[in-house]
Amino acid sequence: MSPCRRTLVDSGIIFLFTCLLIAPLFKMEYGAHWGSIESTFIADARMLREHLLHPAWQALWYCGTRFDYIYPPALRYGTALISLLAGLSTARAYHLYIGFFYALGISGVYLLVYAGSRSRPQAWLASIGTALLSPALMLMENFRNDSPYWVPQRLHVLAVYGEGPHISSLSILGFALAACFVALREWTPRLFAAAGILCAAVVATNFYGATALALFFPILAWATWLEVRRNSVWLRSAAIAAMAYGLCAVWLTPSYLRITALNMRWVAESSKSSSIAIAIGCAVIFGIVTFMIAKSRGIRAWPVFLAGAASFTSIYVLGFHFLDLRVTGDANRLAPEMDMALILLVACCAVSWWKMPRVRILIVILLGAACYPAGQYLAHRRSQLLRAHSIQTRPEFQVAKWMAENLPAARAFPTGSIRYWYNAWYDNEQSDGGSNQGLLNQLLPVAYWQITQGDRADIAIAWLQALGVDAVIVSDKQSEEIYHDYLHPEKFQGALPEVYNDHKGVIIYRVPHRFPGIARVVNRAALTGIGPPQGGVDLETLTRYVSALDQGPDSQPAVVRRGFDVAASVSPGQVVLLQETFDPAWHVYSDGKPLHLQQDPLGFMLVTAPIGLHTMHFQFETPLENRVGGILTLVTCLLAVTLLLARRAFR
């Protein structure tokens, strides 16, 4: 059997073995972990399925935001297409998607190790270790306590916390690095194109996977250059990176990166300059040491890559855990990447040192010790892949269903797991969203904190009115809702009318407005001098703003929600306010003529409308950066196809 065919057979066996390990995941529609963030990916895919090909604007989350800003496209489109083509719910399609990639990822480890070492024993040992073990559990006590049955971190965070995109991206990472390892050493058009495509797939699936790629790829390029000492390595590295970006350019725009970095402060601790300096210092030391070794007696790329990958993921994760080193993002999230790097390094050392009798005994002891956590996981492997058998009894479903049937046009304020699942079944609008990714209006997290944590009903109600919220969903400590975000849930009792009570701890209150909906005709003078609220307790500013909305002209605009067509009668000195997030890509037309659009004090859209009764058409027009990115992506796709066919053409 040829080496290529043998490698494919081995990879197939590993894939099937992993499928057996996670078999319940392929049968799952809804899991038993209702606090999991996977709910937001399921909801996102459901909304996308119903608005294919590209919605452009997401009106149901964050008082409106760009659809592209919310999340990289691969998983959301993959899940939506599986759901549509197979006739499955998006929940079932999501679990099929992440299950397939999880199993494929273990095969990717085999291919990566074999590409780097050309050793089948090392590749088998690394892939089995990755499937069954997690060094992070041995190194960090809180991780071990969180996974009492020693379930590997890559599966634990997938099943319990909903890290489907992250782990799917990590699964592709092995294939991407394997292709890069070969493509950097020699010019092979197909592998070069494959490397660029796979790197783009990593980025298009999840940004923590992209962070790992950004960490591993330079180490791989450096290690390869140390071995072959050809400058073409750097040219190929730059070309692979350029191809990967070109394939993502249609959505990975400069403003996307800016918004993502801005929102990072809501989901991760800030970086420290001292930590960044330490990381740079470690990189310089690693480069000097490996260069000196290579200069004196030569060096192989694979061990250098493993040493670098294991060292820097350990510095990133363990440094954060034990020393509070903060380079970027949430370092704990890269524990699965650290696991993979450490296991690959141990596998390399075990196989390389096996011929040394004294070391062989130590290797046998270590492998024997590894049987305990692996055995614990195998004995309880189904414990974290439990299915939910009746979603109808859950408050997440009951509340979403009641709102869809009784207040279908209302903008609501759900919290906790109800917020996560709020759009999994229905197109209900909420002022927040699945997670703090992609939000344009940076006042929303301030409002969320004040409404849920503050003890004053008047300030909370003012925020709700200012955000155009019609109903606030409150869960107390007795409810089955998972997170119980409200510190003082009782503050709304008597202050707002109750419209729903499940008598199990969840109450829905109606928020009063002069007119329903998100459009208002207001006096321009009433808004003069009002700035953004200065913190969550700025009741004076909020009161002035709400008064401008609810004590303005006796004119109720009519809104066609999906098309954002607003019919309003406007008098001199009046403007039209639409409580939808302002974005420069929005344009407004009336009778074919453009109208002046600006941002109001709370980040919504304020239109200078013509006098009299007119219909205003709000259009979200594709931004220039996306149009340019689309051309770049198309050109890169054509180049990638040409390279994939080049081998046949060169014969």
Side-chain angles (χ1 to χ4, degrees), residues 40-41 44-45 47-48 51-78 80 165-166 169 172 176 196-214 217 238-268 328-329 433-442 444 564 580-587 597 599 603 605 618-640:
T40 67
F41 308 125
D44 189 32
M47 291 183 284
L48 176 60
H51 301 91
L52 287 168
L53 293 169
H54 186 263
W57 186 256
Q58 164 57 291
L60 301 181
W61 285 0
Y62 311 126
C63 297
T65 190
R66 293 191 192 185
F67 176 78
D68 286 342
Y69 283 171
I70 291 174
Y71 215 81
L75 181 136
R76 59 205 313 207
Y77 273 94
H166 177 193
S169 183
I172 301 170
I197 293 169
L198 289 167
C199 287
V202 171
V203 177
T205 302
N206 176 261
F207 269 174
Y208 277 101
T211 300
L213 176 63
F217 185 76
I240 290 172
M243 175 174 285
Y245 176 75
L247 292 171
C248 296
V250 66
W251 62 272
L252 192 60
T253 60
S255 68
Y256 183 107
L257 296 173
R258 177 179 59 82
I259 289 295
T260 300
L262 185 63
N263 289 323
M264 185 65 71
R265 61 178 174 161
W266 304 116
V267 296
T328 184
S435 58
N436 290 328
Q437 296 173 116
L439 62 90
L440 283 168
N441 193 333
Q442 296 298 301
L444 295 180
F564 287 111
E580 190 79 11
T581 303
F582 173 85
D583 186 286
W586 278 110
H587 295 81
L597 177 65
Q599 186 171 332
M605 292 190 277
F618 287 75
Q619 294 183 13
F620 183 84
E621 300 178 1
T622 303
L624 176 62
E625 59 182 355
N626 291 96
R627 296 198 297 271
V628 173
I631 295 173
L632 180 57
T633 295
L634 178 60
V635 171
T636 309
C637 285
L638 294 175
L639 175 61

K.L.:
Considering all heavy atoms of both residues, which atom of A200 and which atom of A244 are nearest to each other, and what is their separation?
P.N.:
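Of all heavy-atom pairs spanning A200 and A244, the closest is CB-O, 3.6 Å.
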K.L.:
Does N263 use its side chain to pair, donor to acceptor, with the backbone of L439 at less than 3.5 Å?
P.N.:
yes
K.L.:
Can you name the nearest heavy-atom pair linking P254 to E625, along with the distance?
P.N.:
CD-OE1, 3.4 Å
K.L.:
Centres of the W57 and F67 rings: under 6.0 Å?
P.N.:
no
K.L.:
Quick one: does H54's side chain have a donor or acceptor within less than 3.5 Å of a partner on L52's backbone?
P.N.:
no
K.L.:
Considering non-hydrogen atoms only, spot the tightest contact between H587 and L597 and give its length.
P.N.:
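Where H587 meets L597 most closely, the heavy atoms are N-CD2, 4.4 Å.
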K.L.:
What is the ring orientation for H166 with Y208, classed by angle as parallel under 30°, tilted 30 to 60°, or perpendicular over 60°?
P.N.:
tilted
K.L.:
Examine Y71 together with F207 and report whether their ring centres are nearer than 6.0 Å.
P.N.:
no
K.L.:
Once rounded to the nearest 0.5 Å, what's the spacing between atom CG of L252 and atom CG of L632?
P.N.:
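Here the interatomic distance stands at 11.0 Å.
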K.L.:
Whether the W266 and Q442 side chains hold a donor-acceptor pair (N or O, under 3.5 Å, no angle test) is what I'd like checked.
P.N.:
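Checked: W266/Q442 side chains pair up, N/O donor to acceptor below 3.5 Å.
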K.L.:
Using 0.5 Å steps for rounding, measure from the CG atom of D583 to the CZ atom of R66.
P.N.:
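These two atoms lie 4.0 Å from each other.
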K.L.:
Donor-acceptor pair, T633 side chain versus V250 backbone, under 3.5 Å?
P.N.:
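Side chain of T633 to backbone of V250: a pair is present.
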K.L.:
Identify the two heavy atoms, one from L247 and one from C637, that lie closest to each other, and give their separation to 0.1 Å.
P.N.:
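Of all heavy-atom pairs spanning L247 and C637, the closest is CD2-SG, 3.7 Å.
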K.L.:
Looking only at atom types and distance, does a side-chain atom of S169 sit under 3.5 Å from a main-chain N or O of P165, one as donor and one as acceptor?
P.N.:
no
K.L.:
Are there over 12 heavy-atom neighbours, none belonging to L53, within less than 6.0 Å of that residue's CG?
P.N.:
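Incorrect, the count does not exceed 12.
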K.L.:
Would Y245 and T636 count as a side-chain hydrogen bond (donor to acceptor under 3.5 Å, both in side chains) here? Give the steps.
P.N.:
CA-CA 9 Å; Y245 176 75; T636 309; over 6 Å; no
K.L.:
Check each of T581, L48, D68, I70 against Q58 using the side-chain contact (heavy atoms from CB on, under 4.5 Å) test, and report the only one that passes.
P.N.:
I70
